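Model, not experiment: these values are computed from the prediction.
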Amino acid sequence: MYNFDAKSIPVLSHDSRAAIAAADDALLCNAQMFSTIIQTARTSDLPINVTQDLYRSMIDGAAKFLDGREQIQRSLKAMHNIVRNSDHAEKMEGCPDGNPRFAQLDNRPSAVSKAKIAV
């Protein structure tokens, strides 16, 4: 079992959402800029080798943004695994009396088992 301050869970959750939003904003900004570059290039008399290099550079940059987003995803997965191996799994899942799914797995009491809700 890992031991850490439970107060960090909402902070991690907020920061995780902010990091994903920032990565998405970077991708969107790159796409908008790429669109503008294509539109500008169409109205100019640039040779194909110049536009090809420019377009390739923009696509490579977008791929790097996407790679960064994937790294965020991997970090989030690692953080979730840490929390699942702690006493704070319920807080991560947002169930005040425990997550019923986890309760079934490890026989912890949960709101569902306490209330004996019929399905």
Side-chain angles (χ1 to χ4, degrees):
M1 251 329 140
Y2 298 121
N3 187 17
F4 58 90
D5 187 356
K7 293 175 187 172
S8 65
I9 294 173
V11 175
L12 285 170
S13 178
H14 176 269
D15 290 350
S16 298
R17 286 184 179 94
I20 294 167
D24 290 348
D25 287 347
L27 281 167
L28 181 59
C29 184
N30 189 74
Q32 290 169 333
M33 187 169 142
F34 190 23
S35 175
T36 302
I37 287 170
I38 292 171
Q39 292 171 356
T40 303
R42 290 181 72 181
T43 62
S44 66
D45 196 17
L46 294 172
I48 190 169
N49 63 320
V50 172
T51 56
Q52 188 69 21
D53 290 345
L54 187 57
Y55 298 169
R56 173 58 53 203
S57 178
M58 289 302 298
I59 290 170
D60 289 348
K64 287 181 174 124
F65 284 133
L66 196 56
D67 289 343
R69 192 176 191 276
E70 184 175 349
Q71 293 302 318
I72 293 169
Q73 177 187 9
R74 288 181 185 161
S75 295
L76 292 174
K77 183 177 179 182
M79 287 188 293
H80 279 242
N81 287 334
I82 290 168
V83 174
R84 282 191 187 99
N85 288 305
S86 75
D87 292 334
H88 307 300
E90 298 88 5
K91 293 178 181 97
M92 180 187 73
E93 297 292 333
C95 300
D97 290 329
N99 184 315
R101 182 170 50 103
F102 287 134
Q104 292 169 352
L105 295 175
D106 64 8
N107 296 320
R108 286 186 285 180
S110 72
V112 173
S113 64
K114 288 177 189 173
K116 297 183 183 176
I117 298 173
V119 180

Just how far is it from atom CD of Glu70 to atom OG of Ser75, taken to the nearest 0.5 Å? 11.0 Å

Interatomic distance, CD1@Ile72 vs CG@Leu76, rounded to 0.5 Å, equals 7.5 Å

Looking at Ser13 and Pro10, would you say the former's side chain and the latter's main chain have a donor-acceptor pair under 3.5 Å? no

First locate atom CG of Asn49, then atom CD of Gln52, and finally report the distance between them rounded to the nearest 0.5 Å. 9.0 Å

Got Gln32 and Leu28 here, is their nearest side-chain heavy-atom distance under 4.5 Å? yes

Please determine whether residues Met33 and Ile38 belong to a single hydrophobic cluster, defined as Ile, Leu, Val, Met, Phe, Trp and Tyr linked transitively by side-chain heavy-atom distances below 4.5 Å. yes

Kindly compute the distance separating CD1 (Ile82) from NE2 (His80), expressed to the nearest 0.5 Å. 10.5 Å

To the nearest 0.5 angstrom, please state how far the CG atom of Asp60 sits from the CG atom of Asp67. 10.5 Å

Among the clusters formed by ILVMFWY side chains lying less than 4.5 Å apart, do Phe65 and Met58 turn up in the same one? no

One pair to check against side-chain contact (heavy atoms from CB on, under 4.5 Å): Leu12 and Val83. What are the steps and the verdict? CA-CA 11 Å; Leu12 285 170; Val83 174; 5.6 Å; no

What heavy-atom pair brings Ala62 and Asn30 nearest, and what distance separates the two atoms? CB-ND2, 3.1 Å

In Å, rounded to the nearest 0.5 Å, how long is the span from CG of Asp53 to CG of Leu46? 11.5 Å

